[in-house]
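Read the structure below first, then the notes.
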Amino acid sequence: MNGDDDLYGIGELARLTGLSVRTIRFYSDSGLLPPTERTHAGYRMYDIHALTRLKFVRTLRELGVDLPTVTRVLARELSIPELAAEHAEALDVQIRTLRLRRSVLRAVAKRGSSPKELEMVHELARMTEEERQAIVEDFWREVDLGLPEPENAAWMRRVRPDLPDDPSPEQVEAWIEFVELIRDPSFRAKTRAMAVENVRMTEEGTVDAVTTAFQTAYEQALTKVTEVIAAGEAPESEAGRRIVAEMRAALAAAIGRDDDAEFRTWLVRLYDIFADDRAERFWNLLGKINGWPEYPSPKPARDWLEAATRCHA
């Protein structure tokens, strides 16, 4: 066993540390590992302190610390705690970048994207917060163009996607789909039609009453629909006729109208304007991006009720 006064050649250092002779020679040439002394033949020799220093350099390099930083640590210009803090922060950035790349690749693999779509997906994932919000603002700007401020729906415009700094693959995928949705011209046109109708009812002074009454009657009807679906009833069944009749009667009474042919035509028209699965998808994606709790979709019951309403109009 070597003592404190023993000296090691580069080959011995390589055996003791697992580093290559070439690497140790490079460290020595660059000043990271100065030799303790040289033999008469000019061979470099290293003592136990040099061996300890070399093992320390090896550890830092295995942790990913670059050589200039290693030099600063050895020169005591940078303490170990400071190094650890700086390196941990750098690793956090690298980890976020790698996770983002992984999310993009998973999204592309799932979608079967073309090279052009790959570039688009990558750019969407790398956007800054300001760039993301600009896309949403452009959507609402087109939807609301020329319309008065929608006071009763203003909260919808204020709810924005808030993609975290370290998003999950699911959040990245949701963001990409969300952007595709709000850039879709047909969805923009549909959302604008909803906004226009909302403004029209607001000017008539009926929007609050209709919204409240419809929501109450609609929710009560959906509860009944869930029960009849479980029993195997179809929308065109007698159960469907009864549920729709009760919903219409409650809604008509709440807003002071007669449940006549004109009212039934108006109710179907509301479905034509406001019923769109993409509207629910808009909020589902927004919730996934923002990390909101998931809730069961009422789509099966809603589709059944819409079919029954049209059938029994």
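Positions are given from 1, in the same order as the sequence printed here.
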Salt bridge Arg141-Asp138, side-chain N to carboxylate O under 4.0 Å: yes

Does the pair Arg44/Asp29 count as a salt bridge with the N-to-O cut at 4.0 Å?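 Answer for the salt bridge query: yes.
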
Take Arg257 and Glu262, measure what side chain to side chain contact (heavy atoms under 4.5 Å, CB included) needs, and give me the verdict at the end. CA-CA 10 Å; Arg257 292 187 60 172; Glu262 182 182 350; 4.0 Å; yes

Identify the heavy atoms of Gln171 and Gly291 that sit nearest to each other, and give their distance. NE2-N, 4.1 Å

Does the side chain of [Y] come within less than 4.5 Å of [X]'s, by heavy atoms?
X: Arg188; Y: Asp184; value: no
X: Thr191; Y: Phe139; value: yes
X: Ile182; Y: Ile135; value: yes
X: Glu203; Y: Val199; value: yes
X: Leu267; Y: Leu251; value: yes
X: Asp277; Y: Arg302; value: yes

Shared hydrophobic cluster, [X] / [Y] (ILVMFWY, side-chain heavy atoms < 4.5 Å):
X: Ile255; Y: Val268; result: no
X: Leu74; Y: Leu19; result: yes
X: Tyr8; Y: Tyr43; result: no

ring-ring contact (aromatic ring centres under 6.0 Å, His included): which pairs involve residues 251-270, sequence neighbours left out?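 For residues 251-270, and leaving out neighbouring residues, the ring-ring contact (aromatic ring centres under 6.0 Å, His included) pairs sorted by first residue read Phe263-Trp266.
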
From [atom1] ([X]) to [atom2] ([Y]), nearest 0.5 Å:
X: His312; Y: Arg242; atom1: NE2; atom2: CZ; value: 10.5 Å
X: Leu54; Y: Ile24; atom1: CG; atom2: CD1; value: 5.0 Å
X: Ile10; Y: Arg22; atom1: CD1; atom2: CZ; value: 13.5 Å
X: Leu285; Y: Ile176; atom1: CG; atom2: CD1; value: 11.5 Å
X: Asp162; Y: Ile289; atom1: CG; atom2: CD1; value: 9.5 Å
X: Arg192; Y: Glu142; atom1: CZ; atom2: CD; value: 8.5 Å

Short side-chain to backbone donor-acceptor contact, [X] and [Y], under 3.5 Å:
X: Gln215; Y: Thr212; result: no
X: Thr36; Y: Asp47; result: yes
X: Trp175; Y: Glu170; result: no

Output, in order, the C-alpha distance, side-chain angles, deciding distance and verdict of side chain to side chain donor-acceptor pair (under 3.5 Å) for Ser186 and Arg278. CA-CA 10 Å; Ser186 66; Arg278 292 174 299 178; 2.8 Å; yes

Check the orientation of Trp283 and Trp292. Use parallel for under 30°, tilted for 30 to 60°, and perpendicular for over 60°. parallel

Using a 3.5 Å cut-off and no angle test, enumerate the donor-acceptor pairs between side-chain atoms of residues 218-230 and protein atoms at least two apart in sequence or in another chain.
from	atom 1	to	atom 2	distance (Å)
Thr223	OG1	Glu219	O	3.1
Lys224	NZ	Glu246	OE1	2.6
Thr226	OG1	Leu222	O	3.0

Could you go through residues 57-65 and list every donor-acceptor pair under 3.5 Å that involves a side-chain atom there, pairing it with any protein atom two or more places apart or in another chain?
from	atom 1	to	atom 2	distance (Å)
Arg58	NH1	Thr17	O	2.7
Thr59	OG1	Lys55	O	3.0
Arg61	NH1	Val65	O	2.7

Will you find, in the side chains of Glu82 and Ser79, an N or O donor that is under 3.5 Å from an N or O acceptor? yes

